[in-house]
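Presented below is the structure to which this report refers.
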There are 2 protein chains.
Amino acid sequence: MKKLRTRFKLWLSTKDAEGVFGDGKWRLLKSIDTEGSLRAASQSLHISYRKAWGDLKKAQQCLNVGLVEKQRGGIQGGRTELTEQGKKWVKAYTRFRSDIEKAVEKAFTKHIRRLVK
Amino acid sequence: MKKLRTRFKLWLSTKDAEGVFGDGKWRLLKSIDTEGSLRAASQSLHISYRKAWGDLKKAQQCLNVGLVEKQRGGIQGGRTELTEQGKKWVKAYTRFRSDIEKAVEKAFTKHIRRLVK
DNA sequence: TTTGGTTATGCACCACTCGACATATCGATT
DNA sequence: AATCGATATGTCGAGTGGTGCATAACCAAA
């Protein structure tokens with residue numbers, strides 16, 4: 001028997017929209033926070049700017065929350081920063097995700113490991 | 001703020017293959033157990049027989065475990081039943097998944113709910 | 001031995017997602 | 001006002017996974 005590893009995906013949805021927030025958008029927000037711009041964040045994550053921009057738009061629209069503050073123009077072209085709300089979301093989701101990660105490992109050990117042996 | 005719902009996907013992988021077991025294959029095994037055939041199981045789950053067959057093959061090959069016993073021919077055409085190992089997998093994964101489901105709800109309440117409020 | 005419903009498997013097509021482009025717009029600084 | 005790099009947004013093509021045939025093999029019962 002090959003060694004097994006757990007995998008999981010976690011996200012939030014509304015009645016109208018699937019995937020309004022999840023690991024991808026969480027990583028995006030974190031990256032925006034450290035990089036200071038949407039473009040730099042997308043490059044850092046190795047995803048297209050197009051996708052990053054779409055994801056961010058979707059999250060903000062569906063959650064109806066201002067996660068970031070964007071600015072266009074200027075000599076640096078522009079910037080994107082997390083709002084206080086955005087930072088709160090990152091923190092909360094980080095803890096949320098961490099709890100699940102631990103639970104997955106624990107449950108795997110408890111229920112699957114012995115079966116696989 | 002729209003009401004949020006948690007979503008998660010759970011699966012197991014090896015170094016060589018992604019998704020050797022997970023919610024889909026778990027549901028498939030459960031359905032095989034109640035339906036008695038792969039065809040009936042796939043119809044019950046509203047997935048194509050083609051996919052069900054492929055999923056089952058992949059799980060058995062990658063886990064290197066005999067999850068089902070199949071029989072072809074006969075007046076009823078054939079049948080597919082879970083082996084003891086298959087039943088053990090279903091039970092173990094059921095408990096595994098249930099633990100995660102509870103953890104997700106709990107963590108959501110703890111970390112996200114108040115933020116959304 | 002004919003039949004019928006299932007397992008077995010390849011292949012073409014389809015829907016969906018994402019990435020790559022192509023532009024357009026913005027605006028503080030020079 | 002000219003510049004420069006980021007935001008904003010549509011589109012088209014590639015990759016992926018699933019569906020829908022098509023077809024073969026199987027075999028207990030009639």
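Just so we're on the same page: letters track the sequence lines, and every chain starts at 1. Because the structure is a prediction, the values reported are computed rather than measured.
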- Readout for nucleotides 3-14 of chain C: B = base within 4.0 Å of protein heavy atom, S = sugar-phosphate only, - = neither; 5' to 3' it is -BBBBBBBB---

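Every residue two or more places apart in sequence or in another chain that forms a salt bridge (Lys or Arg N to Asp or Glu O under 4.0 Å) with D55(B) is listed here: K51(B). Qualifying ring-ring contact (aromatic ring centres under 6.0 Å, His included) partners for W11(A), counting only residues two or more places apart in sequence or in other chains: none. Partners of T109(A) according to the side-chain hydrogen bond (donor to acceptor under 3.5 Å, both in side chains) rule, which considers only residues two or more places apart in sequence or in another chain, are R113(A). Residues forming a salt bridge (Lys or Arg N to Asp or Glu O under 4.0 Å) with R7(B) (at least two apart in sequence, or on another chain): E18(A).
Nearest heavy-atom pair across T83(A) and G66(A) is OG1-O, 2.5 Å. Here the closest non-hydrogen pair linking I100(A) and V104(B) is CD1-CA, 3.4 Å. Heavy atoms only, all atoms of each residue included: A52(A) and I47(A) are closest at CB-CD1, 3.9 Å.
Applying the side chain to side chain donor-acceptor pair (under 3.5 Å) test to pairs two or more places apart or on separate chains, none has a residue in residues 35-47 of chain B. Under the ring-ring contact (aromatic ring centres under 6.0 Å, His included) criterion, the residue pairs touching residues 69-111 of chain A are F21(A)-W89(A), F21(A)-Y93(A), W26(A)-Y93(A), Y93(A)-F96(A), with sequence neighbours excluded. Annotation: salt bridge (charged side-chain N to carboxylate O under 4.0 Å, His left out) contacts involving residues 101-111 of chain A, sequence neighbours excluded, comprise R97(A)-E101(A).
With rounding to the nearest 0.5 angstrom, the NZ atom of K3(B) is 11.5 Å from the OG1 atom of T14(A).
Between chain B and DNA chain D, the heavy-atom contact criterion of under 4.0 Å yields a 5' to 3' nucleotide range of dG18(D) to dA29(D).
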List, one per line, each side-chain donor-acceptor pair under 3.5 Å for residues 69-76 of chain B, sequence neighbours excluded.
residue	atom	partner	partner atom	Å
Q71(B)	OE1	R79(B)	NE	2.9
Q71(B)	OE1	R79(B)	NH2	2.5

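Listed by residue number, the members of residues 7-25 of chain B with any heavy atom below 4.0 angstrom from DNA chain C form an empty set. Sorted by residue number, the list of members of residues 59-69 of chain B with any non-hydrogen atom under 4.0 Å from DNA chain C is empty.
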